[in-house]
Amino acid sequence: MNIILLGAPGSGKGTEASLISKDLSIPTISTGDIIRDNIKNKTELGILSQNYINLGQLVPDDLVINLVKERLTQTDVLNGYILDGFPRTVTQAQALQSFSKIDKIILIDTNYDVIEERILSRRTCPVCKRVYNTKTYKSDFCEVCKAKLIIRDDDNKETVKNRYDVYLKETAPLIDFYKNQGLLYKVNGNLQADEVYKEIKQILQK
Ligand code: ADP
Ligand code: ZN
């Protein structure tokens, strides 16, 4: 099954993706994680993306489309995959349709106050990319790989507002795009992660 997780920054796409990934044994493709790795490794894609990501703007469509297109040629996606953070524009969604077929789109519908609070208390493992929240997780180290958790460069109050505005303008139109194709399912992203996952599981079993 090929799944897209759609939702604002901080809606919990990464967290839910890792739960689905474990359950269905299919990989998650997070464009944000891939771009950040490229920035760390100073690749051409990383150098071209760095300013956009730090300002909370979208990386240009052609760069991200090529990245996903390339990633989907790897054999581990043959039994399905989860897209986290892609597509983020109608142009990206149209391109995706030309090289892969999506089965379900799950919209994680979340209020802005919840989003802001989550992003500002988010910590990320730089090694395995797991995300934690300081409200529920009290250690400074990843429970799996023991690496010291970091605050992402774009997880600050100014950028959060900007990323949300970009979401409303560029990404929210995808809701109608996929609704019209009859592929869109919605879950309540304001709930705790495990509660959200219960709703997602029901959708995946349909
Ligand atoms: P969040 O969902 O919390 O914003 P992500 O890791 O998904 O975090 O994305 C972080 C940043 O990476 C975005 O603000 C954007 O700059 C860039 N990015 C990720 N995916 C895309 C995409 N599909 N198109 C354009 N830019 C992207
Ligand atoms: Zn880790």
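Numbering of residues begins at 1 and proceeds along the displayed sequence. Atoms within a ligand are numbered from 1 in the order they appear, just like the ligands themselves.
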Check: Of L48, I53, L63, which is the lone residue that meets side-chain contact (heavy atoms from CB on, under 4.5 Å) with I35?
Finding: I53
Checklist line | At the Zn ion (ligand 2): angle between C125 atom SG and C145 atom SG, to 10 degrees | finding: 100°
Item checked: Per-residue contact class, I53 against ligand 1 - non-hydrogen pairs under 4.0 Å -> both
Next item on the list: Only heavy atoms count here, so choose which of G85, S11, G56, G7 is nearest to atom 23 (N) of ligand 1.
Entry: G85
Notebook entry, point to check: Does an N or O anywhere in D154 fall below 3.5 Å from an N or O of ligand 1?
Noted result: no
Checklist line | Test item, R122 contacting ligand 1 (heavy atom, 4.0 angstrom) | finding: yes
Note to self: Checking a contact table here: which protein heavy atom is nearest atom 8 (O) of ligand 1, and how many Å away?
What the structure shows: R152 NH2, 3.0 Å
Next item on the list: Report the distance from atom CD of E158 to atom CG of L55, rounding to the nearest 0.5 Å.
Entry: 11.5 Å
Margin query: Give me the nearest non-hydrogen protein atom to atom 24 (N) of ligand 1 as residue plus atom name, then the distance to 0.1 Å.
Written below: Q92 NE2, 2.9 Å
Note to self: Main chain of I4, side chain of Y178: is a donor-acceptor contact present, judged purely on distance under 3.5 Å?
What the structure shows: no
Next item on the list: For atom 20 (N) of ligand 1, grab the closest protein heavy atom and report residue, atom and distance to one decimal in Å.
Entry: T31 OG1, 2.8 Å
Margin query: To check your reading of the model: name the closest protein heavy atom to atom 15 (C) of ligand 1, its residue, and the distance in Å.
Written below: Q57 O, 3.4 Å
Next item on the list: Could you point out which residue of D109, T110, L107, I203 forms a side-chain contact (heavy atoms from CB on, under 4.5 Å) with V187?
Entry: I203
Notebook entry, point to check: Counting only heavy atoms, which portion of R118 has something under 4.0 Å from ligand 1: side chain, backbone, both, or neither?
Noted result: neither
Note to self: Give me the nearest non-hydrogen protein atom to atom 26 (N) of ligand 1 as residue plus atom name, then the distance to 0.1 Å.
What the structure shows: V59 N, 3.0 Å
Notebook entry, point to check: Among T31, L72, V59, whose side-chain contact (heavy atoms from CB on, under 4.5 Å) with L67 holds?
Noted result: T31
Next item on the list: Starting from atom 18 (N) of ligand 1, locate the nearest protein heavy atom and write down its residue, its atom name and how far away it is, to 0.1 Å.
Entry: I35 CD1, 3.7 Å
Check: Which is closest to atom 22 (C) of ligand 1 by heavy-atom distance: R163, R36, R88?
Finding: R88
Checklist line | Between Y167 and S11, a side-chain donor and acceptor under 3.5 Å | finding: no
